[in-house]
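As structure tokens, the structure follows; a few thoughts come after it.
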Amino acid sequence: MDLYELTIAGAMEKMRAGEISSVELTQSCLDRIEQVEGSVRAFITLDQEGALERAQVADAMRRSGRDGLLCGIPLTVKDLLCTKGMRTTCGSKILENFIPPYDATVVERLKAQGGVLLGKVAMDEFAMGSTSESCAFKIPQNPWKMGYVAGGSSGGSAAAVAAGECLASLGSDTGGSIRQPASLCGIVGLKPTYGRVSRYGLVAFASSLDQVGPLCRDVRDCALMLNVIGGYDPRDSTSVHREMPDYSSALVEDVRGLRVGIPKEYFVEGLDPEVEGVVRKGINVLREAGAEIVDVSLPHTDYCVAVYYLIAPAEASSNLARYDGVHYGIRDMNADSLIAMYKDTRSVGFGAEVKRRILIGTYALSSGYYDAYYKKASQVRTMILQDFQKAYEKCDVLISPVTPTPAWKMGENIDDPLAVYLSDILTISANLAGIPGMSVPGGFSRDGLPIGIQLQGPHFREDTLLRVAYTLERGIGVAGCAKVC
Ligand code: GLN
């Protein structure tokens, strides 16, 4: 086994026992990057020298008896989390040259625990998409099968973790962007409850939906990462002042008496039979482990795509108004007036999908339409939340597929945004309701593509999700690193 294949927990054990150093571990990831990055294409910015220096510092910290939770662990973060002195592009030409003067709180917390940042990974432009194909710089491939998408928008995070280029990564999830790429790449992804993790320094897409979370190779690592990044942050007014449990202690292989709900609306027409088969097997693992399986209904599921694709673009159109060529990023220098400069900068800087969302969002928020669209969508959003609240009277956790199909071929849906939007149907409700969700590897399709299982729980019950995920993982096994061929 090569060092880059270790989990965080496994690597920490070896480093603490003095068997390996962080420099060796980091070098193993850098060699792996050298070997596979030409195919995987996950990195927008790779900082080899800086990483090795940070690894040396981590080794020195450990020798002097100071040992953080991630001391010496090679990590990456999605390129929409601000990193002091390191370019943060959001996958967009408009921020091609943006170097933040500060770290996002989550990045600060990784560093404070001794995490070794290798670089910044690819994503759909401003996190808008489900395949990472709208990234202006690099489009990751699925490490399990070349020519297939890694998912999105945190596709670079998922691909890098699955390929062994880093041990774990941070992504963001506005409508499924952690869970979906995790599912398509055979790793574990966790979207925490809205408010659990600070978003200070996360470049905003849709502020009422965005959350930061980890992508890891197993459930234990996910719990550890959440321990590091979670908790109140006075710099983010949406982060919640609420005690945080030690998520690692939720890792017990015991679901006896736990009620696991199957939402019937998530097993609909169009669901790939192989995906359904994998989820049904997962349900059996839990049943055999003593969980009680109950049928539940989330009757407003049908509306979630329409509601999300109104609320998210509306908020995005407002958030992205700041990219005008004045404060950040590129600027058109040839324009002869201020308005022309704004126009040219935005025309050149944004890609097609981002422009589409800004147009939809601006339209939906314009006077005379606000009540018909944004307000209506917000009302239906409340009904979607109430569906979950009712379901959680009957069960402790929901189990379902993450996506209707395994990863599709690159370019397959590039001219059909609606088909891509519809594929988000199983993940976006969690964001609309603000509840936590997870994707756990469930198996592979006949074509060798990973298929994940989704767990969703009540607000702030990440501990229950982790416990169920851990039991599933024990029953099913981890996918490990992809060979990349
Ligand atoms: N696929 C969804 C979208 O395009 C979700 C993206 C996300 O979670 N960032 O908006």
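Every number for a ligand or one of its atoms is a count from 1 in the order of the listing.
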Worksheet, complete the sentence: The single option from Thr76, Thr83, Thr45 that satisfies side-chain hydrogen bond (donor to acceptor under 3.5 Å, both in side chains) with Lys120 is Thr83
Discussion item. Is a donor from one side chain sitting under 3.5 angstrom from an acceptor on the other, for Ser134 and Asp124?
Written reply: yes
Worksheet item: With no hydrogens and no angle check, do the side chains of Arg179 and Gln454 hold a donor and an acceptor under 3.5 Å apart?
Response: yes
For ligand 1, what N or O to protein N or O distances fall under 3.5 Å?
residue	atom	partner	partner atom	Å
ligand 1	1 (N)	Gly129	O	3.0
ligand 1	1 (N)	Ser130	OG	2.8
ligand 1	1 (N)	Asp424	OD1	3.4
ligand 1	1 (N)	Asp424	OD2	2.8
ligand 1	4 (O)	Gly129	N	2.8
ligand 1	4 (O)	Tyr309	OH	3.3
ligand 1	4 (O)	Arg357	NH1	3.4
ligand 1	4 (O)	Arg357	NH2	2.8
ligand 1	8 (O)	Thr174	N	2.8
ligand 1	8 (O)	Gly175	N	2.6
ligand 1	8 (O)	Gly176	N	3.3
ligand 1	8 (O)	Ser177	N	3.0
ligand 1	8 (O)	Ser177	OG	2.6
ligand 1	9 (N)	Ala127	O	2.8
ligand 1	9 (N)	Ser153	OG	3.3
ligand 1	9 (N)	Ser177	OG	2.7
ligand 1	10 (O)	Tyr308	OH	2.6
ligand 1	10 (O)	Arg357	NH1	2.9

Response to the item:
Applying salt bridge (Lys or Arg N to Asp or Glu O under 4.0 Å) to Glu133 and not counting sequence neighbours gives none
Discussion item. I'd like to check the salt bridge (Lys or Arg N to Asp or Glu O under 4.0 Å) partners of Glu265; sequence neighbours left out, ordered by chain and number.
Written reply: none
Fill in: side chain to side chain donor-acceptor pair (under 3.5 Å) against Ser130, all qualifying residues, sequence neighbours excluded
Asp424
